[in-house]
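Encoded as structure tokens, the structure appears first; notes follow it.
Remember, it's a predicted structure, so these values are computed and weren't measured experimentally.
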Amino acid sequence: MSEIHEVLIIGSGPAGYTAALYAGRAGLKPVVLAGHQPGGQLMITTDVENYPGYPDGVMGPAMMDDFRKQAERFGAIVLQQHVNEVDFSDAPYTVKTVSGETHRSRTVIVATGASAKWIGLKAEELLGGRGVSACATCDGFFFRGKNVIVVGGGDTAMEEATYLTRHAEKVYVVHRRDTLRASKIMQERAFKNPKIEFIWNTALSDIKDVEAGKVTGVVLRDVNTGAEREMAIDGVFVAIGHEPNTQVFADWLDRDDLGYIVVHDGTKTKIPGIFACGDATDRIYRQAVTAAGTGCMAAIDAERWLEAQE
């Protein structure tokens, strides 16, 4: 029979590592299952300038390395394992990984985050952090005085476009339809902004220039005629939504209509001893600092729950 952990943390972004830090300082010897992308979305983010404590900015991977080291300093054990099955029917709860390991724990903290939805272009991957982004509040600052496009037509796209006007000279919204899906108030806000221009019935076919290592332009396709044209641009923001990484918990935890885990009284789920934090629960803010804050909350909630059981 495998060892029974006090705290098992699934996920290793800002939320997961912060939960590990707090649980470690509480003497709970937390085990972190880091997942396929240890460090979460910040591992594909270059400069992070909006996280407190880094006055000169920091590279996303370097920041997550700091988080991991600090958690390990207080006894957290970080394992490069990805969870593909859970059994929350009875405590101690069972978590299984792709590589065949089984973990059992008295409490579980879900910190699996969310992933930005992408169009599917190879250039998105190759130019990520080099002019291609899915987070205006993270990267908008780097496009001061430049021209950018936002791809999408929902609330996320309107929020991104409106925010980017604080920094960019011009923001083009590229949408494959001739009407928006965004809420009325978000549409009106965007339509009234003189810096925002809409390019209707158009899809993004490609992003240039991979060879140059930065975004220099895009290829746009008219969805009605199929005609393509090139457009010079400095940045591309893909804003077609985020998808929480919560599918593995679908049979056990309540989720909202978009798949985010529903929590109450802080980070509690409907199952006693199971807690959730970070972007797996957050459909609004999706920032490293807010994720870290809820990671702290989850660890404290787990510690108090364990104390109550005794």
Looking at [X] and [Y], would you say the former's side chain and the latter's main chain have a donor-acceptor pair under 3.5 Å?
X	Y	answer
Gln81	Thr97	no
Lys29	Gly24	no
Asp279	Asp282	no
Thr246	Gly259	yes
Glu303	Ala23	no
Thr112	Asn245	yes
Glu125	Leu121	no

Roughly how far, to the nearest 0.5 Å, is the [atom2] atom of [Y] from the [atom1] atom of [X]?
X	Y	atom1	atom2	answer
Ile4	Ser105	CD1	OG	9.0 Å
His175	Ile149	NE2	CD1	14.0 Å
Met297	Thr281	CE	OG1	8.5 Å
Phe141	Glu49	CZ	CD	5.5 Å
Ile240	Glu243	CD1	CD	10.5 Å
Arg176	Asn201	CZ	CG	10.0 Å

Please collect all salt bridge (Lys or Arg N to Asp or Glu O under 4.0 Å) contacts where either partner lies in residues 140-158, sequence neighbours excluded, each pair once.
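Not a single pair qualifies under salt bridge (Lys or Arg N to Asp or Glu O under 4.0 Å).
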Sequence neighbours left out, cut at 3.5 Å: what donor-acceptor pairs do the side chains of residues 82-95 make with other protein atoms?
from: His82; atom 1: ND1; to: His36; atom 2: N; distance (Å): 3.3
from: Asp87; atom 1: OD1; to: Ser89; atom 2: N; distance (Å): 3.0
from: Asp87; atom 1: OD1; to: Ser89; atom 2: OG; distance (Å): 2.6
from: Tyr93; atom 1: OH; to: Pro272; atom 2: O; distance (Å): 2.4

Tell me if the NZ atom of Lys96 is crowded by more than 12 foreign heavy atoms within 6.0 Å.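 For Lys96, atom NZ is not crowded (no more than 12 foreign heavy atoms under 6.0 Å).
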- Indicate, with yes or no, if Ile196 and Phe191 share a hydrophobic cluster defined by side-chain heavy-atom contacts under 4.5 Å among Ile, Leu, Val, Met, Phe, Trp and Tyr.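 Yes, Phe191 connects to Ile196 through the hydrophobic network.
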Cluster overlap Val110 with Ile9, hydrophobic side-chain contacts below 4.5 Å:
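In one cluster with Val110: Ile9, no.
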Show which side-chain atoms of residues 284-296 pair as donor or acceptor with protein atoms under 3.5 Å away, not counting sequence neighbours.
from: Arg286; atom 1: NE; to: His242; atom 2: ND1; distance (Å): 3.3
from: Arg286; atom 1: NH1; to: Arg283; atom 2: O; distance (Å): 3.1
from: Gln287; atom 1: NE2; to: Thr137; atom 2: OG1; distance (Å): 2.8
from: Gln287; atom 1: NE2; to: Tyr285; atom 2: O; distance (Å): 3.2
from: Thr290; atom 1: OG1; to: Gln287; atom 2: N; distance (Å): 3.3
from: Thr290; atom 1: OG1; to: Gln287; atom 2: O; distance (Å): 2.9
from: Thr294; atom 1: OG1; to: Gly278; atom 2: N; distance (Å): 2.8
from: Thr294; atom 1: OG1; to: Thr290; atom 2: O; distance (Å): 3.4
from: Thr294; atom 1: OG1; to: Ala291; atom 2: O; distance (Å): 3.0

Going by heavy atoms in the side chains, are [X] and [Y] under 4.5 Å from each other?
X	Y	value
Val238	Glu124	yes
Val223	Thr202	no
Tyr172	Val150	no

Residue pairs passing the side chain to side chain donor-acceptor pair (under 3.5 Å) test where at least one lies in [range], sequence neighbours excluded:
range	value
residues 158-167	Thr165-Asn193
residues 61-70	Tyr54-Asp66, Asp65-Arg68, Asp65-Lys69, Arg68-Glu72
residues 265-276	Asp254-Lys270, Thr267-Asp301
residues 216-241	Ser205-Glu228

What residues form a side-chain contact (heavy atoms from CB on, under 4.5 Å) with [X], not counting sequence neighbours?
X	answer
Val210	Ala123, Leu126, Leu127
Arg73	none
Glu6	Leu28, Arg106, Leu306

Notebook entry, point to check: Can you list the residues that meet the ring-ring contact (aromatic ring centres under 6.0 Å, His included) rule with Tyr51, with sequence neighbours excluded?
Noted result: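 If we apply the ring-ring contact (aromatic ring centres under 6.0 Å, His included) test to Tyr51, skipping adjacent residues, the hits are Phe67.
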Test of understanding: with ring-ring contact (aromatic ring centres under 6.0 Å, His included), list the residues that count as partners of Tyr22, not counting sequence neighbours.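 By the ring-ring contact (aromatic ring centres under 6.0 Å, His included) rule, Tyr22 matches no residue at all.
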Any idea which heavy atoms bring [X] and [Y] closest together, and the distance?
X	Y	value
Leu21	Ala71	N-CB, 3.9 Å
Thr107	Ala302	OG1-CB, 4.1 Å
Ala190	Met158	CB-SD, 3.7 Å
Ala280	Pro244	O-CB, 4.3 Å

(message) Is the distance between the ring centroids of Phe237 and Phe143 under 6.0 Å?
(response)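 When the ring centroids of Phe143 and Phe237 are compared, they turn out to be within the sub-6.0 Å range.
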- No-hydrogen, no-angle side-chain donor-acceptor test under 3.5 Å, His103 and Glu3: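 The criterion, which ignores hydrogens and geometry beyond distance, is not satisfied for Glu3 and His103.
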